[in-house]
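Bear in mind that the values here come from a model prediction, so they are computed numbers and not experimental data.
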Amino acid sequence: MNLVKAIYKAPVTVKEYWEEKGATVVIIRYNGKSFCGTANLSKMDEGFYSKKVGYNIALSRARIKALTHFYKQEKDKFNVRNQFYQEVLGLGVKTPTEVDPLGAFNRNMMRCKYRADALKEALDKEKNMLHKYILGQDKAIESVKRFRQKAENN
């Protein structure tokens with residue numbers, strides 16, 4: 001299974017809601033590791049706590065932590081393998097066909113790079129989606145605040 005898809009399907013092991021504090025905590029577990037995401041209600045938005053919104057934000061932050069962790073891991077794997085490959089080539093003394101005639105080592109190294117690139121792309125996409133989601137929630141809260149203010153003034 002694709003690593004990005006697996007992270008998105010990772011089971012949620014903890015869902016905690018503290019309405020009085022306006023906080024939500026979500027923990028997902030993947031590959032033996034736990035990743036925690038939190039959502040805290042802003043002081044300016046008091047009275048607008050929503051379990052669903054808090055859950056979505058906390059889950060997204062947990063996924064971001066998981067994607068970041070595995071992105072760094074894959075990037076490090078690629079860097080180590082690439083460094084080893086360059087050392088074996090003698091920093092240009094030998095040709096790749098002399099050292100790796102079938103290209104298996106190079107393909108293995110490039111697989112790490114492709115996984116790292118896919119994780120980076122998913123990470124950037126998740127961060128962007130979270131940012132847009134939070135902006136949308138802010139707009140909705142401001143709209144409700146304006147509506148309530150108009151109702152109080154009448």
Run the side-chain contact (heavy atoms from CB on, under 4.5 Å) check on Val88 and Phe105 step by step: do they pass?
CA-CA 11 Å; Val88 169; Phe105 189 87; over 6 Å; no

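- In terms of heavy atoms, Cys36 sits closest to Val25 at SG-CG1, 3.7 Å.
- If you check the side chains of Tyr133 and Asn56, you find a donor sitting under 3.5 Å from an acceptor.
- Counting all heavy atoms, side chain and backbone alike, Ala39 lies closest to Arg61 at CA-NH1, 3.8 Å.
- By the 6.0 Å and 45° rule, Lys120 stacks over the aromatic ring of Tyr71.
- Here Asp76 does not pair with Lys72 in a salt bridge; the nearest charged N to carboxylate O distance is not below 4.0 Å.
- A heavy-atom distance below 4.5 Å is found between the side chains of Arg111 and Asn108.
- Taking all atoms of both residues into account, the shortest heavy-atom contact from Ile7 to Ala66 is CG2-CB, 3.8 Å.
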If you apply the rule side-chain contact (heavy atoms from CB on, under 4.5 Å), what do you find for Leu123 with Thr68, and how did you get there?
CA-CA 7 Å; Leu123 178 61; Thr68 301; 3.4 Å; yes

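- Around NZ of Lys113, the count of heavy atoms belonging to other residues, nucleotides or ligands within 6.0 Å does not exceed 12.
- Here the OG-OH distance, from Ser60 to Tyr55, works out to 11.5 Å after rounding to the nearest 0.5 Å.
- For the residue pair Tyr49 and Thr24, a side-chain donor N or O sits within less than 3.5 Å of a side-chain acceptor on the partner.
- Note on Val53: it does not cluster hydrophobically with Ile27, by side-chain heavy-atom contacts below 4.5 Å among ILVMFWY residues.
- Side-chain contact check for Arg63 versus Phe35: every heavy-atom pair is 4.5 Å or farther apart.
- Pairs engaging residues 139-148 under the side chain to side chain donor-acceptor pair (under 3.5 Å) rule: Asp45-Lys145 [sequence neighbours left out].
- The heavy-atom pair separating Met109 from Phe78 by the smallest distance is O-CD1, 3.4 Å.
- Side-chain contact, Arg29 with Thr13: no donor N or O sits under 3.5 Å from an acceptor N or O.
- No hydrogens or angles considered: a donor-acceptor pair under 3.5 Å links the side chains of Tyr8 and Glu126.
- Following chains of ILVMFWY side-chain contacts shorter than 4.5 Å, one cannot reach Ile141 starting from Ile134, and the two form parts of different hydrophobic clusters.
- Here the straight-line distance linking atom NZ of Lys125 with atom CG of Leu67 works out to 11.5 Å at 0.5 Å rounding.
- Note: Glu74 CD to Leu3 CG = 6.5 Å, rounded to the nearest 0.5 Å.
- Between Tyr30 and Phe70, the ring planes lie perpendicular to each other; the angle is over 60°, past the 30° to 60° tilted range.
- Residues Tyr114 and Tyr85 share a hydrophobic cluster, clusters being chains of Ile/Leu/Val/Met/Phe/Trp/Tyr side chains in contact below 4.5 Å.
- In this structure, the separation between CD1 on Ile57 and OG1 on Thr38 is 10.0 Å, given to the nearest 0.5 Å.
- Taking NE2 of His69 as the start and CG of Leu119 as the end, the distance is 10.5 Å to the nearest 0.5 Å.
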Could you walk me through whether Val14 and Val26 pass the side-chain contact (heavy atoms from CB on, under 4.5 Å) test, one step at a time?
CA-CA 5 Å; Val14 175; Val26 172; over 6 Å; no

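- A distance of 11.0 Å separates CG of Leu41 from CD of Gln137, quoted to the nearest 0.5 Å.
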For Val80 and Gln83: C-alpha separation, side-chain torsions, deciding distance, then whether side-chain contact (heavy atoms from CB on, under 4.5 Å) applies.
CA-CA 5 Å; Val80 167; Gln83 182 181 358; 5.6 Å; no

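- Within a 6.0 Å sphere centred on CD of Glu98, other residues, nucleotides and ligands contribute more than 12 heavy atoms.
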